Colleague: 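Pasting a structure below so you can have a look.
Treat the numbers as computed from the prediction; the structure is a model and nothing was measured. Naming: A, B, ... by sequence-line order, numbering from 1 per chain.
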6 protein chains.
Amino acid sequence: MGRKVGDFALDELRKYHPELANKPVDFQDFWDMEKEMIRKFTPEVVVSWRDYAVPSVEVADLTFTSWDDTPLRGLFIKPKGVTECPVIFFFHGYTGSRGLAVDFLKWTTLGVAVISFDVRGQGDSPDYGKYSNGSRIVGWMLNGIHDPKNYYYTNVYRDMLLQLNWIRSSEFPVQPTKLGVMGGSQGGGLALVAAGLDENMDFVASDWPFISHFERALEVALSGPYMEIVNYFKWNDPQYETYEDVMRTLGYIDSVHFCDAITCPTLMGTGLEDAITPPSTVFAAYNHLATTKKEMEVYPQFTHEQNLFHEEKIIAFIAKQMEA
Amino acid sequence: MGRKVGDFALDELRKYHPELANKPVDFQDFWDMEKEMIRKFTPEVVVSWRDYAVPSVEVADLTFTSWDDTPLRGLFIKPKGVTECPVIFFFHGYTGSRGLAVDFLKWTTLGVAVISFDVRGQGDSPDYGKYSNGSRIVGWMLNGIHDPKNYYYTNVYRDMLLQLNWIRSSEFPVQPTKLGVMGGSQGGGLALVAAGLDENMDFVASDWPFISHFERALEVALSGPYMEIVNYFKWNDPQYETYEDVMRTLGYIDSVHFCDAITCPTLMGTGLEDAITPPSTVFAAYNHLATTKKEMEVYPQFTHEQNLFHEEKIIAFIAKQMEA
Amino acid sequence: MGRKVGDFALDELRKYHPELANKPVDFQDFWDMEKEMIRKFTPEVVVSWRDYAVPSVEVADLTFTSWDDTPLRGLFIKPKGVTECPVIFFFHGYTGSRGLAVDFLKWTTLGVAVISFDVRGQGDSPDYGKYSNGSRIVGWMLNGIHDPKNYYYTNVYRDMLLQLNWIRSSEFPVQPTKLGVMGGSQGGGLALVAAGLDENMDFVASDWPFISHFERALEVALSGPYMEIVNYFKWNDPQYETYEDVMRTLGYIDSVHFCDAITCPTLMGTGLEDAITPPSTVFAAYNHLATTKKEMEVYPQFTHEQNLFHEEKIIAFIAKQMEA
Amino acid sequence: MGRKVGDFALDELRKYHPELANKPVDFQDFWDMEKEMIRKFTPEVVVSWRDYAVPSVEVADLTFTSWDDTPLRGLFIKPKGVTECPVIFFFHGYTGSRGLAVDFLKWTTLGVAVISFDVRGQGDSPDYGKYSNGSRIVGWMLNGIHDPKNYYYTNVYRDMLLQLNWIRSSEFPVQPTKLGVMGGSQGGGLALVAAGLDENMDFVASDWPFISHFERALEVALSGPYMEIVNYFKWNDPQYETYEDVMRTLGYIDSVHFCDAITCPTLMGTGLEDAITPPSTVFAAYNHLATTKKEMEVYPQFTHEQNLFHEEKIIAFIAKQMEA
Amino acid sequence: MGRKVGDFALDELRKYHPELANKPVDFQDFWDMEKEMIRKFTPEVVVSWRDYAVPSVEVADLTFTSWDDTPLRGLFIKPKGVTECPVIFFFHGYTGSRGLAVDFLKWTTLGVAVISFDVRGQGDSPDYGKYSNGSRIVGWMLNGIHDPKNYYYTNVYRDMLLQLNWIRSSEFPVQPTKLGVMGGSQGGGLALVAAGLDENMDFVASDWPFISHFERALEVALSGPYMEIVNYFKWNDPQYETYEDVMRTLGYIDSVHFCDAITCPTLMGTGLEDAITPPSTVFAAYNHLATTKKEMEVYPQFTHEQNLFHEEKIIAFIAKQMEA
Amino acid sequence: MGRKVGDFALDELRKYHPELANKPVDFQDFWDMEKEMIRKFTPEVVVSWRDYAVPSVEVADLTFTSWDDTPLRGLFIKPKGVTECPVIFFFHGYTGSRGLAVDFLKWTTLGVAVISFDVRGQGDSPDYGKYSNGSRIVGWMLNGIHDPKNYYYTNVYRDMLLQLNWIRSSEFPVQPTKLGVMGGSQGGGLALVAAGLDENMDFVASDWPFISHFERALEVALSGPYMEIVNYFKWNDPQYETYEDVMRTLGYIDSVHFCDAITCPTLMGTGLEDAITPPSTVFAAYNHLATTKKEMEVYPQFTHEQNLFHEEKIIAFIAKQMEA
């Protein structure tokens, strides 16, 4: 059990609306330029349909050659025979993968197609990025940490922009009648970022997002990938001489900084005993969302773990978006 | 990670076919009489259809008043509009529950209906059994441990027999074109028992079953519910004076003792690092199955944990049964 | 070691006198009616004297058929040959048992008889209660949690009322010249309840009582049986929809709510590092005791554990009551 | 729980009768000379009777000035008014103390007096020994480890010899009608040693003795004071250059080497999950006892912990000795 | 990792300047008298030069017979051939030892000689002290705890005074051109004490000192030797009846009480996650130093562990002192 | 403590000489071709001399642009003023770094220069490799695991070959009179590989080498980087379908496969409680060394941890090589 993670009490969390002091002044320009840059690429995507046990769906393995030639593996699953339908763009958690078809059957039963890619370096997809530094810490969090233009998550967001372009293109195997994003932990953070970058997003389901409000996360997280940065300081920079530098890079990719651009219906969830993505970092994102059609489900005893109760909430949320 | 649980190596496991010295000589008579007894009951079942977010399915909450009046809560989910279809009878793990509808959508997408009940005392269903003993150990494993006729799992199996009668009756909301059983851990053990008790079962998916081969399980398990019995000895009978008595009761409910009556296709799985239901106790069941249409999936590094890779195997197995 | 359990500092504990907002308005009526109801029963008690190694005492095994026919096993030990003497009614801790004769020799050496029963379901005594719910949590804490009239501890307190009636009856093997109650943890809570229910009680020794001040206990406990309720919320009601309902039931059995009826000499003890029955929940009881003849022994470094130093305090306390 | 300590199975334990290769050839001479030496001392003992709550006993605090002037604190408790009675010489466990009077009431109720001393350095008594070495390991095990004539336990056994002389002298507050020794862990080892050194001992109760069969103990113990020696090698002699030297010293004080001189009734106990005094080291002692009036109680699930079930066995054993 | 030790935040630490309420009024007199007493002794020192692999240094093993005849083993290492040079007096940590020559080569490369002794009882040196008490706690912290004149650390400081006299005498193998003290943990505390006792000290390097500000240390430490005192209270004095007495003794040896006499350049370091010598106890010492030539290196993520980054700081600090 | 890692007993370890069944038949050709390829590169090395506190040494920071342009940071430290001297090529452990100058002063005091580089990706140096896969496991072990020609350690060994070429070139800041390699864990494995690849190596000090005898390491390791491969199977390939493929790649880089080419004096060390680089994997390397001038230091109680005792052995070993 995860009692006593040392974060705020629930009533304080509900009104936790921190100033975004770490948001760079050129944040908007930075991402406008990146979008511009990505628009120039046409991804090469190999779509390999394969036999799958469930007759009512069609499944394809994808190889998506991204803007820097990194080949990202993906999975696409759709209701059999449809040519247009709602689409969920799913993002996986840190150390996860694009997933297995069985993961997504609960969504296709709603008549929705699901597209999911490995995040670069993760799953079994490589990362062709050439970062300017290594570190004493295993993991992806420190790759390029001193250079916002060539930081790991900057590259991940570039992949996402190119993937969104493809999804909205005529090359995509179905015509999306709606497009939503979904994920938990890293996937929850990426879902927020996608919805912030794509103004036409239709809905967001973001569970206990990671990559959110680093100023606080580095103070209160007790395990998980935020600790890679904490441990980077311990082992590579024990007296925090590059702290400003690190925070500057993180300012460009913090999912909270994308929240004021999110205007579509959004469902979020958090466990109050979560020491990996502490609840205050989740509420920081939630309370900065521009949309008023938002809901936060709170699970007082949950840590950073699978939560089937919340999956029922998401099913209901998605179903409602389908009706709208 | 669960390295080094102290069980046999894989090649030994594959040929582990222990004598069933603890199977009572009157095992068959015992259960024939129980079936006879249960046949006299007609369960009262309240079926409450409810709204559910997914339009393609129908969901009902059940209250099943069992042979001793214990009201067991259940869940039924079926493809919308069908009146006959294959049915999966699902059993949950120890300390689990009948589950949420979202758990079962991956099966209904195959055109299958799923029926699932709380095991008595578990989920949120009571147990009206009057057992002749208590114990210093929290849990259900010791209830009635000295009396095979009024042991906890004897009563659970009676519930199952009555539930099977209902499923095969005209009262059941759909006509089962096939009937299979499925579950993991306790649910895996119950699936084996159900297939052993019901000679017309069509298929079994039993993941790392609990309630299997107690003689060995009490020696090698390191955590989980087998330890309730081990700890019973520690705190209630420290010098094992009632060991024979306890083993005699367990002999009537050990799922391995039902395996020679299982003749339908069966899929099993085991993690070699599983200290809760150690692999040798799983292979003991597998190697005693009467059926030749059986498959064992082995996961060398897995402990007693969720395994999505195996879920893909189950999906394929079920789909294949649907075709047959 | 148990450092830093997160409870109040000692000077705050000493003045911690919380309002009893969760005490039901009909608390007194509820228990008056229960006493009335129990008065109608005459327990059937089988007293089996047995050989015991120590010549100076006599030991009997008891079977006490309670108000709902639950057969509770008990132990009675008295100085050899006496027909009247002081009596200690002893209550055991959660997951304990009525105990062994050797446990009680330190008290009989004072010329005192000791009577001790298994709490229903615990020790090796059954519980014939038919509760309206089960749960995903092993243990007794959730049995009947939504129904004050049929909650586990309501039934335990009914047993205790009937046992007290028997002890004060002419059927009891000795004539009590004094009657005191004693116990630790669950036993400490039960001792308080017994002294609150029986206005003629002569003394109380309650060590770090459990079942005390649930409002706070559910917030600060880190392990032990209070966590069964916390975990019930996690797994059976993750968003606390039945919180009011649960607290309503607990309001009727919270030992703190019995304290203003305790007017006899009372000795209590607490360890400041106790994460199972945190010190604030113990002081809540102590500070609500009506008696002025009360003493609290504080052990700064002790967790929830055996404390022989405190046993010396209890010996001295009991000896003093014998003189009075 | 202590599962899987890596020691032998029970049937092997029962016949484990290791050769005593580490017993020095001059073992008998060594201790004959020590006895001779100690006989020359007359201890100065201050006996301070004090008030104690229990009227049926008398309690004295002792200060026993030992052969090297070390003042050892002790406790004496006897049935009130008697001048002769059986006496139990009690030895405490490592990091324990002479105990509190309440610890011993269960024995005085049998009409027995109990004498108990702090082991030097332990409890709150000092050790005036001047050892020729220190170590990087906290604890008493390494004091004088290279010198059998001035090793910690050699000095402890000298204290014991002098204490036995006093107990058997006319200075002792009662006349012992019988004399037995008792203790657990370190106390169990000391009880064996006392019975080996004093040929007139009447009975022994030795629970899971420490200081037994070091050759094996250093291989299989996983925690507790044997590990002080293991860790001494790690931190003071990482390549075991003084192994022979250390073993030579331990050969003089290993309690197993005293067992062939024990001819009185002996009760022993062991937990099969004991990683502090592993069961094979206990059986090594038991199987070398010269007496045929011996009993070994085996507790399969017990670790190195308090065991009330065994206390009942001891009560019965002592009572039987009283009769004899 | 050591996150969340519960000590003050960094900005509070920087200004933490607690009143020294536990400093005895006769503190100065006490130590003046001790210095006076020690001045009367001439230590017998055996200096055994030995072969050592590194040609540029000379190494000697020392046996230093201290004021009470305790033979303390030491190590001396100096640049080959010099007869005068700067000298570092090194003190080791609790459960450490005088060290190996390889530990000190980094200092001799600076042209410095290093002298290091086992702290009595530690390393492999004995302690001939006759303390008036033992305890239930393994370790050295409680030896003589009720008697400032015969407390363990009082004796250790006497050794140090005599060692300083020897170092400054003509008997010492080199003529110290400068004398500095150095150490971490216990060694850091001893370095402060040495600099407080010797007014001619030239520099101090004290890493996360132990023996500092006991009032707070006993409250916030979570492991390590401060816990010996905390556990002494638990097991020897559970209700803190001797607390004043213990604190009185500690008042004479608390390194913070020596800090206002330190006027030479001082380098200190602390890890903010240190639960053994919590940062507030380190800042208490630092902020009470009389010298203005002081530096505190702060390592936010470090626990009580080896810190090579800080070793670079010390090298630079020592090099700078060599120049001065 | 690390007791009971489950590896062989010492006498079995001493004769453990496993067949090298996993050594590829073209192993020699593979590395001959790699050497050939690397010979074509001339590294660009930036040598930046910097001020360092210790006057007797000179320190330079290096940037070494490797064969694929990866800029590897390095450290060079030499006795002041010399132009030729023995050189130690030092390799750091997994998650370590090139180190700090203070780490190497103990070697320069011997008149030796030390050169040390970050292993690519580690320390703070990047890895420009484009691997064909990612994984769900954080760390470097899986990078390129399916392709011997583009596996992480293949690239690391290429860096090493180029670094050796540079060290032996006239560009190197000193003329090496001897060249030895040294390191622990990963560094110990790299030292063996370097000595196997460079037939003119003068000596090797390899402590508890990692990257050794993968067939066994994957079976017995319990933590550390071997577990990255074990966990790769769990999460990326749960049924070991690519096992042969993975082992094929590892066959080219297993340090044991380089041992029969090592003919110079070699010192090794191992801790028998090491669960990260288990002792059998270390003895596998040792027993395959071609040289007869080899020594294995065994530390029975040591886990995978710093060992100053062994550093003294290394100092003596290096000093001896200097004389030779």
Colleague: When rounded to the nearest 0.5 angstrom, what is the spacing between CG in E:Asp127 and NZ in D:Lys130?
Modeller: 10.5 Å
Colleague: Quick one: salt bridge (charged side-chain N to carboxylate O under 4.0 Å, His left out) partners of E:Glu228, sequence neighbours excluded?
Modeller: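 E:Glu228: no salt bridge (charged side-chain N to carboxylate O under 4.0 Å, His left out) contacts found.
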Colleague: Could you go through the side chain to side chain contact (heavy atoms under 4.5 Å, CB included) check for D:Val138 and E:Thr95 one step at a time?
Modeller: CA-CA 7 Å; D:Val138 292; E:Thr95 71; 4.1 Å; yes
Colleague: Are there residues of residues 143-165 of chain D whose heavy atoms fall under 4.5 Å of chain E's heavy atoms? If so, which?
Modeller: none
Colleague: For atom CD of D:Glu44, is the number of surrounding heavy atoms from other residues, nucleotides or ligands below 6.0 Å larger than 12?
Modeller: no
Colleague: Measuring heavy-atom distances to chain D, does E:Tyr232 have an atom under 4.5 Å in its side chain, in its backbone, in both, or in neither?
Modeller: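 Neither part.
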Colleague: So which heavy atom on D:Arg136 is nearest to which on E:Ser97, and how close?
Modeller: CD-CB, 3.9 Å
Colleague: Which atoms of E:Leu142 are under 4.5 Å from chain D, going by heavy atoms: the side chain, the backbone, both sets, or neither?
Modeller: neither
Colleague: For E:Asp124, is it the side chain, the backbone, both, or neither that has a heavy atom closer than 4.5 Å to a heavy atom of chain D?
Modeller: both
Colleague: Give the member of E:Pro225, E:Gly139, E:Gly134, E:Gly96 that has the highest number of heavy-atom pairs under 4.5 Å with chain D.
Modeller: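 Maximum pair count with chain D is reached by E:Gly134.
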Colleague: Looking at every non-hydrogen atom in both residues, tell me the closest pair between D:Tyr128 and E:Tyr131 and how far apart they are.
Modeller: CE1-O, 3.4 Å
Colleague: Is it the backbone or the side chain of D:Asn133 that comes under 4.5 Å from a heavy atom of chain E, or both, or neither?
Modeller: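 For D:Asn133, backbone and side chain are both near chain E.
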Colleague: Given a strict heavy-atom distance threshold of 4.5 Å, which part of E:Arg120 is in contact with chain D: side chain, backbone, both, or neither?
Modeller: neither
